[in-house]
Participant: 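Take this structure first; my questions come after.
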Amino acid sequence: MTAEGRVATGASAWALGMLVLLPIPFLGALAAGGGMIAAYGSLSRQGPLAKQNAATARAWGRLFLVSSTVLLLAQLVIGLVRMTTPSAPATGFFPQGIPFALYIVVCVMHLVVVLVALRRARRGEAVRVPFVRSA
């Protein structure tokens, strides 16, 4: 129960996923994933619904944080290799821009999942993401 007498739903863990919209490039993804993971600690003590929603948000945040970090590191490595290799001039965005394009797709998908989950959690429903297990 919260101070106002309402049942805690764990929606704040999902709301932290909106940090991906920070106007600082690439920092938003790190803040969103990290915030969703960190919110579990305090929300797990506020009731079973809040704990379940926070666990699902933690699992999604972990998946998002790892995937976005791997894609950004892959983009960095590909860019450095292409810049330092004299025999392979960098021409055009693709194929060396594929990790960055996938990063944009992952961020848009993250926003969609977070908005849907936030809406469900605010209604007092348990949130389930189909391909993410919350332990």
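The first residue of the sequence shown is numbered 1, and numbering continues consecutively from there. Heavy atoms only: backbone and side chains are in, while hydrogens, waters and symmetry mates are out. Everything quoted here is computed from the prediction, not taken from an experiment.
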Participant: If hydrophobic clusters are built by linking Ile, Leu, Val, Met, Phe, Trp and Tyr wherever their side-chain heavy atoms come under 4.5 Å apart, do Met109 and Leu115 end up in the same one?
Facilitator: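 Met109 clusters together with Leu115.
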Participant: More than 12 heavy atoms of other residues, nucleotides or ligands under 6.0 Å from CZ of Arg62: is that the case?
Facilitator: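 More than 12 within 6.0 Å, yes.
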Participant: What is the minimum heavy-atom distance between Ala32 and Phe64, and which atoms define it?
Facilitator: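 Closest pair (atom of Ala32, atom of Phe64, distance): CB-CE2, 4.3 Å.
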Participant: Would you check if the side chain of His110 reaches a backbone N or O of Gly17 as a donor-acceptor pair within less than 3.5 Å?
Facilitator: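 Yes; judged by distance alone, with no hydrogens or angles, the pair exists.
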Participant: Main chain of Val116, side chain of Arg120: is a donor-acceptor contact present, judged purely on distance under 3.5 Å?
Facilitator: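 Answer holds: no.
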Participant: Has Thr69 got a side-chain atom pairing as donor or acceptor with Val66's backbone, closer than 3.5 angstrom?
Facilitator: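 No, the answer is negative, given that no donor and acceptor are paired below the 3.5 Å cut-off.
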Participant: So, do Val127 and Leu118 sit near enough that their side-chain heavy atoms are less than 4.5 Å apart?
Facilitator: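 No. Closest side-chain heavy atoms not under 4.5 Å.
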Participant: Enter the distance from Ser12:OG to Met36:CE here, rounded to the nearest 0.5 Å.
Facilitator: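 Answer rounded to 0.5 Å: 10.5 Å.
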Participant: Give the minimum heavy-atom separation between Ala31 and Leu19, together with the two atoms involved.
Facilitator: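 Where Ala31 meets Leu19 most closely, the heavy atoms are O-CD1, 3.7 Å.
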Participant: Can you name the closest pair of heavy atoms from Trp14 and Ala121 and give their distance?
Facilitator: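 Minimum heavy-atom separation between Trp14 and Ala121: CD1-CB, 4.3 Å.
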Participant: Starting at CG of Leu65, measure out to CZ of Arg58 and round the result to the nearest 0.5 Å.
Facilitator: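 Atom-to-atom, Leu65:CG and Arg58:CZ are 13.5 Å apart.
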Participant: Could you report the tightest heavy-atom contact between Ala13 and Ala54, atom names first, then the distance?
Facilitator: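 Residues Ala13 and Ala54, closest heavy atoms: CB-CA, 4.2 Å.
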Participant: So, taking the atom named CG in Leu76 and the one named CG in Leu71, what distance separates them when rounded to the nearest 0.5 Å?
Facilitator: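 Reported to 0.5 Å precision, the distance equals 12.5 Å.
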Participant: Could you measure the distance from the NZ atom of Lys51 to the CG atom of Leu43? Nearest 0.5 Å is fine.
Facilitator: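 Nearest 0.5 Å value for the NZ-CG distance: 12.0 Å.
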Participant: If you group Ile, Leu, Val, Met, Phe, Trp and Tyr by side-chain heavy-atom gaps below 4.5 Å, do Val113 and Ile104 land in one group?
Facilitator: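 Yes, Val113 and Ile104 fall within the same hydrophobic cluster.
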Participant: Would you check if Met18 and Val114 make a side-chain contact, meaning some heavy-atom pair closer than 4.5 Å?
Facilitator: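 Answer yes - side chains close enough.
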Participant: Using 0.5 Å steps for rounding, measure from the CG atom of Leu73 to the OH atom of Tyr103.
Facilitator: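 Answer rounded to 0.5 Å: 11.5 Å.
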Participant: To the nearest 0.5 Å, what is the distance between CZ on Arg123 and OG1 on Thr9?
Facilitator: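 Here the interatomic distance stands at 12.0 Å.
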Participant: Given Leu21 and Leu111, is the side-chain contact (heavy atoms from CB on, under 4.5 Å) satisfied, shown in steps?
Facilitator: CA-CA 9 Å; Leu21 297 174; Leu111 277 175; 3.7 Å; yes
Participant: Out of curiosity, does Leu72 fall in the hydrophobic cluster containing Leu102 (side-chain heavy atoms, cut-off under 4.5 Å, transitive links)?
Facilitator: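 Same cluster: Leu102 reaches Leu72 through Ile, Leu, Val, Met, Phe, Trp or Tyr contacts under 4.5 Å.
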Participant: If you group Ile, Leu, Val, Met, Phe, Trp and Tyr by side-chain heavy-atom gaps below 4.5 Å, do Val106 and Ile98 land in one group?
Facilitator: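 Cluster IDs for Val106 and Ile98 match.
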Participant: Short question: side chain of Gln75, backbone of Phe100 - any donor-acceptor pair under 3.5 Å?
Facilitator: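 Here the side-chain-to-backbone pair exists.
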Participant: Are side-chain heavy atoms of Phe26 and Ser68 found at a separation under 4.5 Å?
Facilitator: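 Side chain of Phe26 against side chain of Ser68, heavy atoms only: no contact under 4.5 Å found.
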Participant: Which pair of non-hydrogen atoms, one from Cys107 and one from Val20, has the smallest distance, and what is that distance?
Facilitator: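 Heavy atoms of Cys107 and Val20 come nearest at SG-CG2, 4.2 Å.
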Participant: Are Val129 and Leu16 linked, directly or through other ILVMFWY residues, by side chains that come within less than 4.5 angstrom of each other?
Facilitator: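 Looking at the clustering, Leu16 is in the same group as Val129.
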